[in-house]
Structure formats: C-alpha cells, structure tokens
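Take a look at the structure set out below.
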Amino acid sequence: MDSENRVILNVGGIRHETYKATLKKIPATRLSRLTEALANYDPVLNEYFFDRHPGVFAQVLNYYRTGKLHYPTDVCGPLFEEELEFWGLDSNQVEPCCWMTYTQHRDTQETLTVLDRLDLDTEKPSDEEVARKFGFEEDYFNGTLSAWQTIQPRIWSLFDEPYSSKAAKFIAGISVCFICISIISFCLKTHPDMRVPVIRNVTIQLSRTLQSWTLDKRSTEPHVAFFYIECACNAWFTFEILIRFIVSPNKRIFCKAPVNVIDFVATLSFYVDLLMKECGPTIDKADILEFFSIIRIMRLFKLTRHSPGLKILIHTFKASGKELSLLVFFLVLGIVVFASLIYYAERIQRNPNNDFTSIPEGLWWAVVTMTTIGYGDMTPKTYVGMVVGALCALAGVLTIALPVPVIVNNFSRFYSHTQARSKLPKKRRRVNPVEAPRPKLPPGAAKMAGGPPGAAGPAVGLPPNGPAAAGHIHQPPRRTGAMKHQNIPLLNNSTDHDGSNGLNTSGNELPDHVSPNKTKKRSKDLEMDSLIHGQGPPSYNNAAAALVA
C-alpha cells in the first residue's frame, strides 16, 4: 500500500520520489493533478517525465514538503519565474531570506530598460529599423521611397548620431570644437585684460571764452575679436539646429528635448543681444541683458549627445531622486534648527562682537558649516556657541555622507551594464527546435506510405504530401498487418483521458467550453502527435501486440 501512495518524478533526467499526499498539499497546481492518463507518464518505469530544469524543481518539491519556497542562487531570475509558472506556483511566495537575491534581476531589467531609452548603442541600425523610426515603413516594403525619404535618415545620422559613420564623427568633432570655443570666448571676454575702455570726449567750460576737453572712461567692453568669434560660432549653431529640425523624424519630440531647448534659447539670446546693441544703443541696464546671456554656458549639456558617460551621470541623479530629496530635507531641517540655536547661544553670555544679529544671518552660517566649507566670515565667540557649531558640523558630515553610497551604487550599476552591453555580441545565434528522428518503417509499410523500402517514410498519421494535405492531419495510424513489426510505442489507451483532471496531453488546462467527446478525441490526437514528433517519453510496453491486434 505504501508503494501505491508514492510517485516517481523524472525531471530533466533526475528522479525524485515522494508521496502523492505531499503533492496534494498545494492544490490547483500541475503536480497536484497528476494522473496516469497523461502523455508524460511511463507505465513501464512507473514515472512521470518532465523536460524541465532539475535544479529549480528541487526547490519546487521542497516547497511541497515544507511549505517554504527558497530561491536557488545558481539560477537566473527570469528562468526561475518561468519554471514556477510552468508548475503553477506563485513567485510571490518566495521566503523573505531569498527575496532580495531573487528580485535583483528585476533591478537589472529596469536598468537595461533605462539604457535602451538612452540609446547608447553604437551599432548601425538596419534599413527596416530606420524606416520604422521615420514613419515610412510601408513605402520601404513597397519599394516606393522618394529621394527625400532616402536622404533624410542619412542627414539625421550625420548630425545626431556621432557613431554612425566617419563623416558623422567628423561633424560631431566640429560641433564640439565650436561649443568649446564659444564657452572659452564667453569666459575670457570678462577678463579685465581682454576688455577695452569706452572713452568719451567731454568738453569742459573753463570760462565764458575758454573751453577745454578731456577723455572720460565710461566703462569697458570686450575686444571686437570676441564678437566675430561669437558670430562664427552662432552661425554654426544656427545651421546645425535648423538642419536637425528639418530632418528630425518627429518634430514634436525634437522640440520637447531639453538639450534642443537649451540650444535654441542660447542661440536666440545671441541674436537678441545683437539686436539690442544695434537698435537700442542707449538702452539702460545693459548689464541685465548680459546676465541673461549666461544661458550660453548651458550649451555644455549638448556634449551629452557625444558622451555616453554624461548621459549615465544625468540618469544616475534621476534614479537617485528620492535619496537626493531626502538629503535636501535633512539639510534644510538642520540648517533651520542650528541657525536658531546659534542665535540664542551667542546671546546667553556677554558678547560685544556678536556676528549673529538675526536668525536669517545664522542660516548662512549653518549652510556653510553643515556643508563643511567654513568661510570663517561668521564664527561663534561663546562657549555655548562653539558647542552648537561643533554639533552643526558633525550633523552636516553625517547627513551628507548617508546618501552618497546609494548614488555611487546607482552610477556603478548603470556604468557596469553599459560596459557589459558594449561587449555583448550584437548578433546572437538562434536556437531552432530540434526534430526527433523519425522511426524507420519495414519494407511493407514503406510501400504503403509511398516511399522506397527501408527508407524513413512520412510520419505516421501524415499524408505522403506533407501536413498540408486536407483531411489527413494528425490522423491515428491504421493497425494493419503491414505495420506488424513497427516499433512504435503506444500509450495505454484503455485509460480515459477525461480522468486527467482537466489537463490535456501537453499538460495545459482545457477550456470550459470543450465538450468531453471533443476532449477525448483531441487528447488522443495530441497523444499520437507527441509520439510522432518525439515529444512524449518512450514507453516500452506491448506495442507490437497492440499493433497486431
């Protein structure tokens, strides 16, 4: 009786033995519905065969025995989820001790998704992908591409994809040179040695009949050479942004890109400044107009199109947004608290040289102290104030140091995956389904099948002209004398397939609308089909006797 309650499971060549009652502990799963009517049951060996991962199944069977699902560390996360789905188990039942290790693949998948959006691949896309990107995929397949549809992707690659060709790299180099020259020129023209004085001739009335004149220095302005340098740089920027806008695959997405907005505003500020100087030389507050020209410094962000490292750094800060917001919150909280403490601490003792006359002035001291800068322009003079200052410095060090490892970890994760993607082969070998060798037929059966004697004729149950012949797909073989000696394993058809608890021969649940008669016929057809294509396990019963009968 004990042997009847036991069941043998052969998973990937490794045999497992357990009790049937153990498999009934978790209902509505694949192992809880095992019957001898299934196609993967071998009556000779008295075992069920599953061509699945044996390492994962060891944890699955342990889950049935103990009620605790653990994650094997030598298995990839998606494979583990796929195996659990096959066995009908919920992946959320993984034990807390294995949960962090198990969910690492989800973080990896999110990282890979972000890297896909960054478009860091240097591989040249195919013509079909280019046509899909620019929205003329139908014309591409029809072979009706116009001249503009052919030229537009090439121009876009030249100006927006630096790694697409040598010409694109050359244009990207020119763009980077103009950006650097523009930034250097913008910085150098503020140096006193690079500016020339604006001199005005002033007439002085010494007396009624005597006049004199003198030179008055009103201000300074940049050397005229900087103006021509900016004209050349902005001419290139204008040409570049117009070309990129004209050939862009999506104008709306192009206009919403932050880098393109910065480029447009920086270029526009140059023309506005030039217009103000030409049309309104007497406009007051010219320094304010020059202040708004600082937007040209933002052109440095255009280098992100040419540097994958800068893209990764920017997205590292985006991924660390929660940690950075938490850092800012604690800094603001500490600044307000210590600014109030230092204000009242300096008033406790007599302090004629008190630098903290108000709490707002203490805010500046708290910011400088918590960020460990310490300009020294404001210092506490009393002992209580010194204690407050020491606590403020310690709190600042701890507050800033806590989220730094998280940010570093995010950057290393992005960077390591980028390096791994760059070394990954671009074209992977496809794994095709392997067909099992067809059994050889005896001479008599080969003649009936329409092939030469001794040859491996068409599969049993299929017409000579292949599976496309109408009305002959997956028909069971006729038990004729010509097939007397054919060694084809048959399942025990005496068992009703409806006894499989709603499972067909492939192990999947049957729909509710399938009738029992259709279920039985379909199960027998799928059973014979699995035998023909080698999908079912071998069964060494009295197959010859069944054929003779």
Side-chain angles (χ1 to χ4, degrees), residues 113-183 229-272 274 295-312 314-315 418 421-422 426:
T113 303
V114 172
L115 294 179
D116 289 336
R117 291 199 302 266
L118 290 181
D119 193 18
L120 299 176
D121 292 333
T122 58
E123 183 184 9
K124 186 177 181 180
S126 62
D127 294 339
E128 182 179 350
E129 293 175 350
V130 171
R132 186 183 301 110
K133 179 179 180 180
F134 282 82
F136 46 78
E137 186 178 5
E138 184 177 353
D139 295 336
Y140 170 76
F141 286 114
N142 295 334
T144 58
L145 292 177
S146 62
W148 171 248
Q149 290 176 336
T150 305
I151 297 175
Q152 182 183 4
R154 298 179 181 177
I155 301 178
W156 173 259
S157 299
L158 285 176
F159 284 88
D160 200 75
E161 298 175 358
Y163 299 99
S164 60
S165 62
K166 293 183 179 180
K169 292 181 180 180
F170 178 75
I171 293 179
I174 295 177
S175 180
V176 171
C177 289
F178 275 111
I179 292 173
C180 295
I181 292 173
S182 176
I183 299 302
I229 292 175
E230 287 192 0
C231 287
C233 293
N234 283 274
W236 169 260
F237 296 142
T238 305
F239 169 75
E240 184 184 24
I241 195 171
L242 287 178
I243 292 296
R244 294 179 63 244
F245 176 77
I246 293 172
V247 300
S248 62
N250 192 314
K251 303 295 189 296
R252 183 176 60 85
I253 296 178
F254 179 86
C255 295
K256 292 173 63 176
V259 177
N260 296 330
V261 173
I262 292 174
D263 193 12
F264 175 76
V265 174
T267 306
L268 184 63
S269 67
F270 169 76
Y271 292 105
V272 172
L274 183 62
I295 193 66
R296 300 174 195 174
I297 293 291
M298 306 297 289
R299 280 203 181 101
L300 287 173
F301 288 99
K302 290 180 61 178
L303 298 177
T304 57
R305 293 195 296 112
H306 311 286
S307 175
L310 290 178
K311 290 183 180 180
I312 295 174
I314 292 174
H315 278 269
T418 303
R421 282 165 57 95
S422 64
K426 301 302 180 181

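When reading the values below, keep in mind they use all heavy atoms of this one structure, side chains included, and skip hydrogens, waters and symmetry mates.
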Is atom CZ of F301 surrounded by more than 12 heavy atoms (other residues, nucleotides or ligands) closer than 6.0 Å? no

Once rounded to the nearest 0.5 Å, what's the spacing between atom CD1 of I183 and atom CG of L300? 4.5 Å

From I179 CD1 over to I174 CD1, what is the distance, rounded to the nearest 0.5 angstrom? 12.0 Å

Taking the side chain as every heavy atom from C-beta outward, state whether C233 and I229 have any pair of such atoms under 4.5 Å apart. yes

Do the ring planes of F178 and W236 sit parallel (below 30°), tilted (30 to 60°) or perpendicular (above 60°)? parallel

Taking side chain as C-beta onward, heavy atoms only, is V247 less than 4.5 Å from F159? no

Going from CD1 on I155 to CD1 on I243, what distance comes out if it is rounded to the nearest 0.5 angstrom? 6.5 Å

When rounded to the nearest 0.5 angstrom, what distance separates CG in L268 from CD1 in I241? 10.0 Å

Is the number of heavy atoms from other residues, nucleotides or ligands within 6.0 Å of CZ (F170) greater than 12? no

Between S182 and E230, is there a side-chain donor-acceptor contact under 3.5 Å, judged purely by atom types and distance? no

Look only at the side chain of D160 and the backbone of W156, and say whether a donor-acceptor pair between them is shorter than 3.5 Å. no

Kindly say whether A172 contributes a backbone atom to a donor-acceptor pair with the side chain of S175 at under 3.5 angstrom? no

To the nearest 0.5 Å, what is the distance between SG (C231) and CG (L274)? 6.5 Å

Distance-minimising heavy-atom pair for S269 and I295: OG-CG2, 3.6 Å

Are more than 12 heavy atoms from other residues, nucleotides or ligands located less than 6.0 Å from atom NZ of K251? yes

Start with the C-alpha distance between C255 and N260, add both sets of side-chain angles, then the distance that settles side chain to side chain contact (heavy atoms under 4.5 Å, CB included), and finish with yes or no. CA-CA 7 Å; C255 295; N260 296 330; over 6 Å; no

Should D263 and K302 count as side-chain neighbours, where that means a heavy-atom distance under 4.5 Å? yes

Report yes if some heavy atom in the side chain of P249 is under 4.5 Å from a heavy atom in the side chain of F254; otherwise report no. no

4.5 Å side-chain heavy-atom contact, F237 and R299: yes

Quick check against the 3.5 Å criterion: does T150 have a side-chain atom that pairs as donor or acceptor with the backbone of S146? yes

Would you find a donor on one side and an acceptor on the other, under 3.5 Å apart, between the side chain of N250 and the backbone of R252? yes

Minimum heavy-atom distance between S164 and A168, given as atom pair plus value: OG-CB, 3.4 Å

Could you check whether K133 pairs with E161 (Lys NZ or Arg NE/NH1/NH2 to Asp/Glu carboxylate O, under 4.0 Å)? yes

Looking at residues at least two apart in the chain, or sitting in another chain, which of them share a salt bridge (Lys or Arg N to Asp or Glu O under 4.0 Å) with R132? E128, E137

Nearest 0.5 angstrom please: I171 CD1 to L158 CG, how far? 4.5 Å

Assess whether atom CZ of F264 is packed by more than 12 heavy atoms of other residues, nucleotides or ligands within 6.0 Å. no

If only atom types and distance count, is the side chain of T238 paired as donor or acceptor with the main-chain N or O of N234 below 3.5 Å? yes

